[in-house]
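Worksheet for the structure shown next.
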Amino acid sequence: LQKPFLKIALDVPLDRLFDYLSNGEIARIGQRVLVPFGRKELIGIVMGSADTSDIPVEKLKSVIQIFHDEPQLDAHTLNLVKFSADYYHYPFGQALLSVLPARLKQIAPAKTRESFIYKLTEAGKHFSLDALNKRQQVLRRVLQALQTQHFLTDQDLSTLSATAKKSMQTLIADGLALAEKNIAKKQFVSTHSHPQLPALNAEQQAAVDQILLHKNSFTPWLLHGITGSGKTEVYMRLIQAVLLPESRTNIDAQVLVLVPEINLTPQLEARFKNRFPDFLLVSLHSNLSESDRLLHWQLAQSGEAKIVIGTRLSTFTPMPHLKMLIIDEEHDASYKQQDSMRYHARNVAMMRAKRLNIPIILGSATPSLETWYNVKADKYQYLALNQRAVSAAQLPEIHCVDTSKVHLQQGFTPQLLHALRTRLARKEQSLIFMNRRGFSPVLLCSACQWIAPCTRCSSRLVVHLKERKLRCHHCNFEQKIPLQCPSCGNPDLHPTGLGTQRLEETLAQLLPEARIARIDRDSTTRKNALVDMLNRVHNQEIDILVGTQMLAKGHDFPNLTLVGVMDTDQALYSPDFRASERLFAQLMQVAGRAGRADKKGEVLIQTEFPFHALFNALRTQDYVDFANAELEGRKLVNFPPFVHTALLRAESNRFTMVMQFLEAAFAHAYMQHQQVTVYEPVRPQMERMKGMERAHMLLQSSSRGALQHVLKNTVSHLRTHPLASKVRWAMDVDPLEF
Ligand code: ADP
Ligand code: ZN
Ligand code: ZN
């Protein structure tokens with residue numbers, strides 16, 4: 001493009017492109033440029049060029065720099081962002097820059113860091129592990145790994161231990177190991193030889209065959225199968241068929257696999273790498289360093305990486321030869337972005353597959369009701385895996401224990417304690433699931449009923465006894481536990497209710513011989529803490545695991561035969577209409593942890609409502625039954641997926657301003673379209689958060705088109721509203737949380 005004017009997308013909250021004068025060099029669409037903006041300089045993306053501009057030439061500034069050496073964004077990616085920005089009513093320029101790795105937003109050429117691989121020297125090869133001091137455990141592990149594997153990468157080291165890099169430096173200093181520049185991108189492929197593939201069972205084979213029959217056209221598939229039914233194995237066969245077709249002609253293929261953040265473990269990555277030693281595989285997730293993220297992104301963009309396995313943020317990764325999309329655990333809430341552009345990765349991926357005319361596979365044990373609805377409407381094809389893949393692995397038995405009928409010992413029923421003791425005696429492992437971290441959710445004054453509040457949110461402070469702190473789980477505000485009640489002076493303050501810390505402590509008292517580990521966000525903040533803990537579980541160094549939903553997913557513990565579920569009753573009667581859908585998915589998932597190998601599992605759910613319909617469906621592990629009943633209920637009250645919704649969210653430290661803004665929005669949107677219902681602004685359950693007063697306005701319609709029409713009008717009206725720059729606001733299309 002060498003026209004005099006360039007149209008540039010910038011990260012500013014205005015939904016338009018900006019005109020600049022060309023600097024005389026050739027600029028391509030999708031290329032990164034540096035431009036002056038006000039008193040600042042900003043990174044922008046070239047979106048087009050023109051012979052004229054609506055703005056007088058003397059007012060236009062010239063582009064400062066074009067980053068010629070970088071590959072430009074391709075048209076498909078730009079169009080996908082454009083579609084998403086329109087659908088989610090977010091300014092295009094901001095949307096575009098928000099999906100790029102941070103390094104591409106910096107004012108500097110995007111260069112990737114060099115990486116290294118590590119090998120043993122001759123001396124290292126002959127060095128005996130016994131010569132090491134027993135206490136140098138990490139050093140020992142690193143050396144052992146080097147001796148069994150051909151070489152190690154930086155990534156391997158960080159998986160081994162947080163201090164493995166340091167140990168490697170010691171080994172290099174001692175002349176036992178050496179570092180080589182990693183030019184061959186070896187770190188992205190496995191060194192293992194081709195693995196033996198298990199024979200697929202009939203259902204798996206049918207799923208693979210059917211999908212491959214339509215592998216050259218847009219077909220959405222739901223692969224419905226409980227944990228352990230072999231979904232991942234099906235994905236891998238599909239990937240193999242796409243990357244290595246029998247004709248061996250189409251090797252320019254790429255596959256994108258989306259997984260929830262919490263599931264993208266080194267183990268999962270290794271499983272894929274080992275299966276495909278001949279193909280470059282990269283991961284993309286928020287725990288990568290910025291330079292790794294850029295490198296992986298660029299490998300995908302160049303087409304070198306054949307498999308990209310990533311979380312939500314990888315949805316927009318440029319992949320010139322994308323031939324198949326896979327979304328594992330498609331129901332997972334982490335696919336929805338909760339700030340800036342509030343996109344849903346599943347929906348964006350669906351659009352991406354449609355535009356590329358490629359198949360998209362959604363996998364889940366408990367599909368979202370939206371997806372189930374689409375299956376019933378014949379928009380998605382349905383494939384079921386009804387058996388566990390390993391024939392010996394049986395489904396767990398699920399029982400409810402009525403907590404209103406027995407004496408609880410600090411939250412535990414005698415039945416659950418008995419079951420835990422039995423497992424201890426049999427040297428089997430147990431898991432206690434509770435979705436509330438901390439010691440207890442409230443600190444209560446026994447005299448005046450004062451409860452420690454968060455001053456910045458409409459919430460209570462959670463007691464973290466180990467750290468002697470009260471902490472808000474919404475805004476991370478912290479304070480010391482007060483010695484006396486600030487309201488009446490009473491020194492008798494009680495941590496009330498259960499959290500994972502308390503369960504861990506209680507179990508340590510009640511079962512002193514048990515080795516207990518707690519896994520939640522607090523216990524896993526240290527890098528590699530989770531991996532270390534999971535290793536200990538696998539090495540049978542742990543008898544009882546206490547944890548939140550972090551434990552419910554992905555991990556496979558062959559010797560775990562008991563799952564105890566604590567205190568999930570509030571979700572049964574929650575005002576949030578999705579609470580039961582989420583609870584069912586969570587409990588199915590956590591139940592799936594029990595009895596994966598040859599041992600039968602048991603699940604004990606402590607509840608006051610043992611005959612609740614949700615538990616009945618859970619006992620028979622009948623998702624279809626549950627989903628149909630739930631859909632029926634939603635239909636009666638006209639909730640999603642029977643209607644489309646959008647939520648205009650607004651917040652400010654001044655409540656009157658929030659309401660003024662929403663009233664203006666209401667006045668504009670109301671009666672605009674007869675098929676769209678606009679509700680008066682109301683406050684959410686969390687009225688205040690991080691010191692901000694919040695309110696929102698709901699829009700709803702059975703016609704997506706009609707809703708989009710009103711949203712577009714309303715948002716463009718609001719962008720120029722005088723209050724728009726004074727309150728924080730966002731349009732949340734297809735919101736998951738209210
Ligand atoms: P999911 O993804 O549904 O949880 P996986 O694909 O991880 O299930 O399979 C669960 C376990 O069963 C894995 O250890 C996997 O290697 C094994 N597996 C899967 N399919 C087969 C098969 N056809 N034959 C033998 N083992 C299998
Ligand atoms: Zn008091
Ligand atoms: Zn708070």
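Position 1 is the first residue of the sequence; numbering continues from there. Quantities reported herein were computed from a predicted structural model and do not represent experimental measurements. Heavy atoms only: backbone and side chains are in, while hydrogens, waters and symmetry mates are out.
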Audit row: L243, I307, side chain to side chain contact (heavy atoms under 4.5 Å, CB included) steps and yes/no
CA-CA 9 Å; L243 296 185; I307 305 168; 3.7 Å; yes
Do you know the tightest heavy-atom contact between L385 and G230?
CD1-C, 3.8 Å
Is the side chain of N79 donor-acceptor paired with the backbone N or O of H76 at a distance under 3.5 Å, no angle test?
no
For Q685, does the CD atom sit with more than 12 other heavy atoms under 6.0 Å from it, leaving out its own atoms?
no
R728: what forms a salt bridge (Lys or Arg N to Asp or Glu O under 4.0 Å) with it, not counting sequence neighbours?
E651
So how far is it from L369 CG to R578 CZ, rounded to the nearest 0.5 Å?
8.5 Å
Between A300 and Q254, which heavy-atom pair has the shortest distance, and what is it?
O-NE2, 3.0 Å
Does the side chain of S98 come within less than 4.5 Å of Q337's, by heavy atoms?
no
For E304 and L280, indicate whether the former's side chain and the latter's backbone hold a donor-acceptor pair under 3.5 Å.
no
Can you pull the salt bridge (charged side-chain N to carboxylate O under 4.0 Å, His left out) pairs that have at least one residue in residues 345-365, sequence neighbours excluded?
E330-R346
Considering all heavy atoms of both residues, which atom of R342 and which atom of K336 are nearest to each other, and what is their separation?
O-NZ, 2.9 Å
Are R536 and D532 within salt-bridge range, i.e. N to O under 4.0 Å?
no
Inspect the contact between E290 and K105 and indicate whether a charged nitrogen and a carboxylate oxygen are less than 4.0 angstrom apart.
no
Using salt bridge (Lys or Arg N to Asp or Glu O under 4.0 Å), reason through E737 and R582 one step at a time and then give a plain yes or no.
CA-CA 12 Å; E737 282 166 23; R582 273 198 299 264; 5.4 Å; no
Give a yes or no on whether a salt bridge exists between D734 and R704, defined as a side-chain N under 4.0 angstrom from a carboxylate O.
yes
Given R437, which of D522, T500, D520 fulfils the side chain to side chain donor-acceptor pair (under 3.5 Å) condition?
D522
Answer yes or no: is there a donor N or O on one side and an acceptor on the other, between the side chain of Q429 and the main chain of F557, under 3.5 Å?
no
Shortest non-hydrogen separation from S161 to N528 and the atoms involved:
C-ND2, 3.6 Å
Exam field: side chain R436 to backbone G499, donor-acceptor pair closer than 3.5 Å
no
May I ask you to decide if the ring planes of Y343 and F316 are parallel, tilted or perpendicular, using 30° and 60° as cut-offs?
perpendicular
Is the closest side-chain heavy-atom distance between F738 and P684 below 4.5 Å?
no
Check: S574 side chain, A571 main-chain N or O, donor-acceptor pair, under 3.5 Å:
no
Drop me the distance from L284's CG to D292's CG, to the nearest 0.5 angstrom.
10.0 Å
When you compare the side chain of E602 with that of L562, does any pair of heavy atoms fall below 4.5 Å?
yes
If you measure from the Lys or Arg side-chain nitrogens to the Asp or Glu carboxylate oxygens, is any gap between E329 and K231 under 4.0 Å?
no
Please verify the inter-ring angle class for F615 with H612; under 30° counts as parallel, over 60° as perpendicular, anything in between as tilted.
perpendicular
Given 3.5 Å as the limit, does a donor-acceptor pair link the side chain of K379 with the main chain of K376, or not?
no
Would you please classify the geometry between the H344 ring and the Y335 ring as parallel, tilted or perpendicular, with 30° and 60° separating the classes?
tilted
Under a 3.5 Å threshold, yes or no: a donor from one side chain and an acceptor from the other, between E261 and S286?
yes
Return the CD to OG1 distance between Q301 and T77, rounded to the nearest 0.5 Å.
7.5 Å
Do you know which two heavy atoms are closest between T548 and F433, and how far apart they sit?
C-CE1, 3.7 Å
Do any N or O atoms from the side chain of S523 and from the backbone of R518 form a donor-acceptor pair under 3.5 angstrom?
yes
Give the C-alpha distance, both sets of side-chain angles, the deciding distance and a yes or no for side chain to side chain contact (heavy atoms under 4.5 Å, CB included) between R275 and I239.
CA-CA 10 Å; R275 179 59 66 90; I239 294 172; over 6 Å; no
Any donor and acceptor pair, going by atom type alone, linking the side chain of Q549 with main-chain N or O of N435 inside 3.5 Å?
no
Answer yes or no: is there a side-chain heavy-atom contact under 4.5 Å between L551 and V590?
no
Checking S314 against T317 for the side-chain hydrogen bond (donor to acceptor under 3.5 Å, both in side chains) test, could you report, in this order, the C-alpha distance in whole Å, the side-chain angles of both residues, the deciding distance, and whether it holds?
CA-CA 5 Å; S314 64; T317 311; 4.7 Å; no
Of all the heavy-atom pairs spanning I327 and I360, show the shortest one and how long it is.
CD1-CD1, 4.1 Å
CA sep, side-chain torsions, deciding dist, call: R312, D332, salt bridge (Lys or Arg N to Asp or Glu O under 4.0 Å):
CA-CA 10 Å; R312 177 185 73 227; D332 197 277; over 6 Å; no
Distance check, rounded to the nearest 0.5 Å: I226 atom CD1 versus Q621 atom CD?
6.5 Å
Compare all side-chain heavy atoms of L631 with those of P641 and state whether any distance is below 4.5 angstrom.
yes
CD1-CD1 distance between I309 and I326, expressed to the nearest 0.5 angstrom
9.0 Å
Do any N or O atoms from the side chain of Q204 and from the backbone of E233 form a donor-acceptor pair under 3.5 angstrom?
no
Whether Y623 and W372 hold their rings parallel, tilted or perpendicular, with breakpoints at 30° and 60°
perpendicular
In Å, rounded to the nearest 0.5 Å, how long is the span from NE2 of H296 to OG of S283?
5.5 Å
Could you go step by step and tell me if H224 and Y380 meet the ring pair (Phe, Tyr, Trp, His ring centres under 6.0 Å) rule?
CA-CA 12 Å; H224 179 207; Y380 298 174; over 10 Å; no
Kindly indicate whether the side chain of E630, heavy atoms from C-beta on, has any atom under 4.5 Å from the side chain of L614.
no
Using side chain to side chain contact (heavy atoms under 4.5 Å, CB included) as the criterion, point out the one residue from V563, T366, L618 that pairs with L587.
L618
Min side-chain heavy-atom separation L313-H285 under 4.5 Å
no
Please examine the side chains of L325 and L356, heavy atoms only from C-beta on, and report whether any two atoms are closer than 4.5 Å.
no
Determine whether a donor-acceptor pair (N or O, by modelled atom type, separation under 3.5 Å) exists between the side chain of N201 and the backbone of E203.
yes
Is the distance between the ring centroids of H473 and H464 under 6.0 Å?
yes
